[in-house]
**Student:** 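Dropping a structure here in structure tokens format, bear with me for questions.
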Amino acid sequence: MTIFTKNLLLWYKENQRAHPWKETKNPYHIWLSEIILQQTRIEQGTPYFLRFKEKYPSIIDLANAPEDEVMRLWEGLGYYSRARNLHATAKYVALECNGVFPNTHKNILALKGVGPYTAAAIASFAYDLPHAVVDGNVYRVLGRYFNISEPIDTTQGKKQFAQLADQLLLQKDPATYNQAIMDFGATQCVPVNPACETCIMRSSCKAYQKGTVTMRPIKSKKTKQSQRFFHYLVISTPDQKVYLNKRLKKDIWQNLYEFPMIEKESLVASEELNLNTLFKDQAFWLRKVSSIFRQQLSHQKIHAQFLEIQLKDNLKQIENHEWIEVPRNQLDKYAFPRIINTYLEQCETGQNRQLLMDF
DNA sequence: AAAGCGGGGGG
DNA sequence: CCCCCAGCTTT
């Protein structure tokens, strides 16, 4: 055993964290937790894990759920392809595997939404198979301990880290080793202001010796961000319904709902939205234009304005729209992006109280 | 190889 | 304001 692995296990014995998915070998629960925790902090993901586990006690229950319900349960967690793949994989396991979760590394890796990290995690945690996890924690811990200057976001660099991780893995207890290195990265060797002065690894940590801790790990790319401008039409009918649109195109928030939206190159005045053309000869009026709501995504910044429109009569026909008509009190049945919910919450807390009033 | 995909927390 | 988080998929 390397000195690294030996010290890591010593540290883990004293400092391990307790999590709801650590006390089980149930592959369904382990898989569920790992999908939820992709690119997601423990504190943010844990409530979602508990809710999914409660709502869907078995993978069969998840497979049988309607997709909108799954999306609704995932609402607010982000990276919604994870929820779609989760549902698809549950159906696959239920229908093609007789409800038995795959139990080899190869078959686990083949599941939708499961990549190298998640496959190693499930294989080791559920089946004690010897596969080393490489996640953000591992990149950081190994990058520092071995003072690796190779970037972690290149094919070459990933290969090198994966190789090193496999070398360090404790073959006879991969599950404990994998938990240990991630706990260590998450609580001791943290991204900013790591606790080097109290660290058991200090005397053998190369980056600590060389003073490069804050410079590890190395990343080569930086993401550029674009600006997008959404004009949301909150269209109310006389009988207290609004219209929603399901986002089906290959874009952000796929399969989530939103108000009918007009995207422009910038935020524009309502006159430039050609609402008269949209509603043809139907009578409507613009009751209010909201303030500007903004949301920062990983590589886009969304600027959104909500135009509250009142129809005189219920909408008859609008050319080529696939909007659905939803009673206001049923909005909580639908999964919305964060920016929509922020708007709705502001309506409820008073600033836009008139939106909810009878007409 | 590079780009796209959320949302929240912390410095 | 920027960075990072139990990454994966598509192009």
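Throughout, a chain's letter reflects where its sequence line sits, starting with A, and its residues are numbered from 1.
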**Student:** May I ask you to say what A:R84 touches in the nucleic acid, namely base, sugar-phosphate or nothing, with a heavy-atom cut-off under 4.0 Å?
**Tutor:**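 Nothing: the residue A:R84, judged by heavy atoms under 4.0 Å, touches no strand.
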**Student:** Determine which pairs satisfy salt bridge (Lys or Arg N to Asp or Glu O under 4.0 Å) with at least one residue from residues 13-30 of chain A, sequence neighbours left out, and list them in order.
**Tutor:**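 The answer is A:R17-A:D183, A:K22-A:D183, A:K25-A:D128.
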**Student:** At 4.0 Å (heavy atoms only), tell me whether A:T118 reaches a base, stays on the sugar-phosphate, or touches nothing.
**Tutor:** sugar-phosphate
**Student:** Under a cut-off of 3.5 Å for both distances of each Watson-Crick or G-U pair, what dot-bracket string does DNA chain B give, using [ ] for crossing pairs and | for inter-strand pairs?
**Tutor:** |||||.|||||
**Student:** Just to be sure I understand the rule, does A:I36 reach a base, reach only the sugar-phosphate, or reach nothing, if contact means heavy atoms closer than 4.0 Å?
**Tutor:**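 Nothing: the residue A:I36, judged by heavy atoms under 4.0 Å, touches no strand.
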**Student:** Using modelled atom types and a 3.5 Å cut-off, is there a donor and acceptor pairing between side-chain atoms of A:R287 and backbone atoms of A:Q310?
**Tutor:**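 No, the answer is negative, given that no donor and acceptor are paired below the 3.5 Å cut-off.
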**Student:** When all nucleic acid strands are considered with a 4.0 Å heavy-atom cut-off, which category describes A:N178: base, sugar-phosphate, or nothing?
**Tutor:** nothing
**Student:** Judged by each residue's nearest nucleotide on DNA chain B, which is more toward the 5′ side, A:Q300 or A:Q156?
**Tutor:**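 Mapping each residue to its closest nucleotide by heavy atoms, the 5'-most match is A:Q156.
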**Student:** Give the first and the last nucleotide of DNA chain C, reading 5' to 3', that has any atom under 4.0 Å from a heavy atom of chain A.
**Tutor:**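 Footprint of chain A along DNA chain C, 5' to 3': C:dC4 to C:dT11.
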**Student:** Provide, to the nearest angstrom, the distance between the CZ atom belonging to A:R247 and the C1' atom belonging to B:dG4.
**Tutor:**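 Taking atom C1' of B:dG4 as the reference, CZ of A:R247 is at 13 Å.
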**Student:** Under 4.0 Å, heavy atoms only, any strand: does A:S81 hit a base, just the sugar-phosphate, or nothing?
**Tutor:**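 No contact.
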**Student:** What's A:W21 touching, base or sugar-phosphate or nothing? Going by heavy atoms closer than 4.0 Å.
**Tutor:**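 Base contact - A:W21 has a heavy atom under 4.0 Å of at least one base atom.
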**Student:** Under 4.0 angstrom, heavy atoms only, what part of the nucleic acid is A:V133 near: base, sugar-phosphate, or nothing?
**Tutor:**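 Since no nucleic acid heavy atom lies under 4.0 Å of A:V133, the category is nothing.
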**Student:** Under 4.0 Å between a side-chain N or O of A:R338 and OP1 or OP2 of B:dG8?
**Tutor:** yes
**Student:** Please classify the nucleic acid contact of A:Q254 as base, sugar-phosphate, or nothing, using heavy-atom distances under 4.0 Å.
**Tutor:** nothing
**Student:** Rounding to a whole Å, what distance do you find between A:W253:CH2 and B:dG4:P?
**Tutor:**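 Interatomic distance, CH2 of A:W253 to P of B:dG4: 16 Å.
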**Student:** Base, sugar-phosphate, or nothing for A:G76, non-hydrogen atoms under 4.0 angstrom?
**Tutor:** sugar-phosphate
**Student:** For A:E43 and B:dG10, give me the distance from atom CD to atom P, rounded to whole Å.
**Tutor:** 8 Å
**Student:** In whole Å, I'd like the distance from the CD atom of A:E345 to the C1' atom of B:dG8.
**Tutor:** 14 Å
**Student:** Tell me: NE2 of A:H299 to P of B:dC5, nearest whole Å?
**Tutor:** 4 Å
**Student:** Mind checking if A:Q179 touches a base, just sugar-phosphate, or nothing, with heavy atoms under 4.0 Å?
**Tutor:**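 Touches a base.
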